[in-house]
Amino acid sequence: MRTTPMAPQCGVEISGVRLATCNDAEMQAIKQAIYERGVAVFRDQEFTPEQHIDFAHRWGGIDINNYFPLQDEYPEIAIVRKAADQQTNIGGAWHTDHSYDQIPAMGSILVARLLPPEGGDTLFAHMGAAYDNLPDELKAEIEGLEAFHTADHVYKADGLYAQTDMGRDLRGQDMKTGAVHPVVIRHPVTGRKLLYVNSAFTIHFVGQTREESLPLLRRLFDAAVGEDNQCRVEWRPGTVAIWDNRTTWHNALNDYQGHAREMHRITLSGEALAA
Ligand SMILES: O=C(O)CCC(=O)C(=O)O
Ligand SMILES: [Fe+2]
């Protein structure tokens, strides 16, 4: 097994391993690489739906996404699909998945099933690098703060997606979500400090209104997606990417209008987060 960094601070490409049949030592090394680098890319994988599910179980539990369509035969697999005639994609702005859950999903295993001829890359940004790069006075300002996260403005009947042509495909418009997390968490395995607010789901700091929170939130959001923190996943047939939601944000580029794209996602259960 060989690991090659994708960018200085974020991402790793792992070759010489077949995910469907990897041994326990390889599995351990893969997990560690993802916890540290945030996202790992594997090429030329053969991954049936059953193998995708079996591999996910080697991480622990599977979270069923409340909103995306599920595969009929395998409800563990969520379908991240944009049809050729749809304008809006899923995940087309910087975010981290499920931060609106009190026990947010650890990460996801995303398998490319149908790709546009060009485009459709996914950007990732490393929240450990983002935290490290903050000026000292900003680090001091956010020390001990907590923030409120929800997905209601995104997925509810009057939310962002409902006003687009993706609305018809999504479920869970009557769900209500909300969670409070520290603004700076420690990665549950590596112990590294990570910035844990995101521009999609973080609404305000605890004890402050949205208006009071916005100036500082905006400074943190800008710092999070600094070019130095990023890497770019270019999908090819057979590509599988696995990411850690605590360590990273991601942004699915929507630059392939007129073409279909379909990815299969299994969401891995996580654990409560602490400062
Ligand atoms: O389609 C992608 O590349 C990622 C979409 C997304 O945000 C997700 O699956 O969580
Ligand atoms: Fe996402």
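Both backbone and side-chain heavy atoms feed into the values below; hydrogens, waters and symmetry mates do not.
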Please round to the nearest 0.5 Å and tell me the distance separating atom [atom1] of [X] and atom [atom2] of [Y].
X      : Y      : atom1 : atom2 : result
Tyr196 : Glu146 : OH    : CD    : 13.0 Å
Asn245 : Asn198 : CG    : CG    : 9.5 Å
Ile266 : Ile64  : CD1   : CD1   : 8.5 Å

Report, as yes or no, whether the 6.0 Å neighbourhood of atom [atom1] on [X] holds more than 12 heavy atoms from other residues, nucleotides or ligands.
X      : atom1 : value
Glu227 : CD    : no
Arg218 : CZ    : no
Arg2   : CZ    : no
Glu46  : CD    : no

> Between Tyr256 and Lys82, is there a cation-pi geometry (under 6.0 Å to ring centre, at most 45° from the normal)?
Replying inline: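 Pair Lys82/Tyr256 counts as cation-pi.
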same_hphob_cluster([X], [Y]) at 4.5 Å side-chain heavy-atom cutoff:
X      : Y      : result
Ile203 : Val154 : no
Tyr161 : Tyr67  : yes
Leu123 : Phe221 : yes
Leu214 : Val183 : no
Val189 : Met27  : yes

Donor + acceptor pair across side chains of [X], [Y] (<3.5 Å):
X      : Y      : answer
Asp63  : Ser269 : yes
Asp158 : His153 : no
Asn229 : Asn133 : yes
Glu262 : His264 : yes

Side chains of [X] and [Y]: closer than 4.5 Å at any heavy-atom pair?
X      : Y      : value
Val111 : Met263 : no
Glu13  : Phe42  : no
Thr164 : Gln86  : no
Glu234 : Thr239 : no
Ile14  : Met1   : yes
Asp136 : Leu138 : no
Thr202 : Leu217 : yes
Leu216 : Glu141 : yes

Can you name the nearest heavy-atom pair linking [X] to [Y], along with the distance?
X      : Y      : value
Arg265 : His98  : NH2-NE2, 3.2 Å
Ala125 : Ala224 : CB-O, 3.7 Å
Gly270 : Ile103 : O-CG2, 3.7 Å
Pro188 : Leu273 : CG-CD2, 4.3 Å
Ala112 : Arg236 : CB-O, 4.0 Å
Phe55  : Leu19  : CD1-O, 3.4 Å

>> Determine whether Tyr155 and Arg171 satisfy the following criterion, side-chain contact (heavy atoms from CB on, under 4.5 Å), listing intermediate values before the conclusion.
In response: CA-CA 8 Å; Tyr155 295 111; Arg171 304 175 296 120; over 6 Å; no
With distance as the sole test, does [X] use its side chain to make a donor-acceptor pair with the main-chain N or O of [Y] at under 3.5 Å?
X      : Y      : value
Asn89  : Ala252 : yes
Thr96  : Thr248 : yes
Gln45  : Val17  : yes
Thr190 : Arg192 : yes
Lys156 : Ala162 : no
Asp44  : Gly238 : no
Gln208 : His204 : no
Asp165 : Thr88  : yes

>> According to side-chain hydrogen bond (donor to acceptor under 3.5 Å, both in side chains), who are the partners of Trp59, at least two apart in sequence or on a separate chain?
In response: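 Testing Trp59 for side-chain hydrogen bond (donor to acceptor under 3.5 Å, both in side chains), a comparison that skips the adjacent residues, returns none.
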> How would you list, by chain and number, every residue that makes a ring-ring contact (aromatic ring centres under 6.0 Å, His included) with His95, sequence neighbours excluded?
Replying inline: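 Once residues adjacent in sequence are excluded, the partners of His95 under the ring-ring contact (aromatic ring centres under 6.0 Å, His included) criterion are His250.
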Atom pairs and distances, donor-acceptor, side-chain atoms in residues 30-41, under 3.5 Å, two or more places apart:
residue, atom, partner, partner atom, Å
Lys31, NZ, Arg58, O, 2.9
Gln32, NE2, Glu36, OE2, 2.9
Arg37, NE, Gly11, O, 3.1
Arg37, NH1, Pro8, O, 3.3
Arg37, NH2, Ala7, O, 2.6
Arg37, NH2, Cys10, O, 3.4
Arg37, NH2, Gly11, O, 3.0

> Do NZ/NE/NH1/NH2 and the carboxylate oxygens of Asp255 and Arg261 come within less than 4.0 Å?
Replying inline: no
>> So that I can tick it off, tell me whether Arg246 and Asp244 are bridged by a salt bridge, with the cut-off set at under 4.0 angstrom between side-chain N and carboxylate O.
In response: yes
Would you be so kind as to tabulate the donor-acceptor pairs closer than 3.5 Å made by side chains of residues 172-181, with sequence neighbours excluded?
residue, atom, partner, partner atom, Å
Lys176, NZ, Asp152, OD2, 3.2
Thr177, OG1, Thr150, OG1, 3.1
Thr177, OG1, Ala151, N, 2.8
Thr177, OG1, Asp152, OD1, 3.1
His181, NE2, Ser99, O, 2.9
His181, NE2, Asp101, O, 3.1

> Please walk me through it: do Trp243 and Met106 pass side-chain contact (heavy atoms from CB on, under 4.5 Å)?
Replying inline: CA-CA 8 Å; Trp243 68 82; Met106 175 266 142; over 6 Å; no
>> Among residues at least two apart in sequence or on other chains, which ones pass side-chain contact (heavy atoms from CB on, under 4.5 Å) with Arg186?
In response: Lys193
> How far apart are the C-alpha atoms of Gln102 and His149, what are their side-chain angles, what is the distance that settles it, and do they pass the side-chain contact (heavy atoms from CB on, under 4.5 Å) test?
Replying inline: CA-CA 9 Å; Gln102 198 54 57; His149 302 237; over 6 Å; no
>> Please report whether the ring centroid of Trp249 lies less than 6.0 Å from that of Phe124.
In response: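 No.
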>> Classify the ring geometry of Phe201 against Tyr100: parallel below 30°, tilted from 30° to 60°, perpendicular beyond 60°.
In response: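 It falls in the perpendicular class, over 60°.
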Show the atom names and distances, to 0.1 Å, of all donor-acceptor pairs under 3.5 Å that link a side chain in residues 68-80 to residues at least two apart or in another chain.
residue, atom, partner, partner atom, Å
Tyr74, OH, Glu50, OE2, 2.4

>> One pair to check against side-chain contact (heavy atoms from CB on, under 4.5 Å): Val184 and Tyr131. What are the steps and the verdict?
In response: CA-CA 8 Å; Val184 181; Tyr131 177 79; 3.7 Å; yes
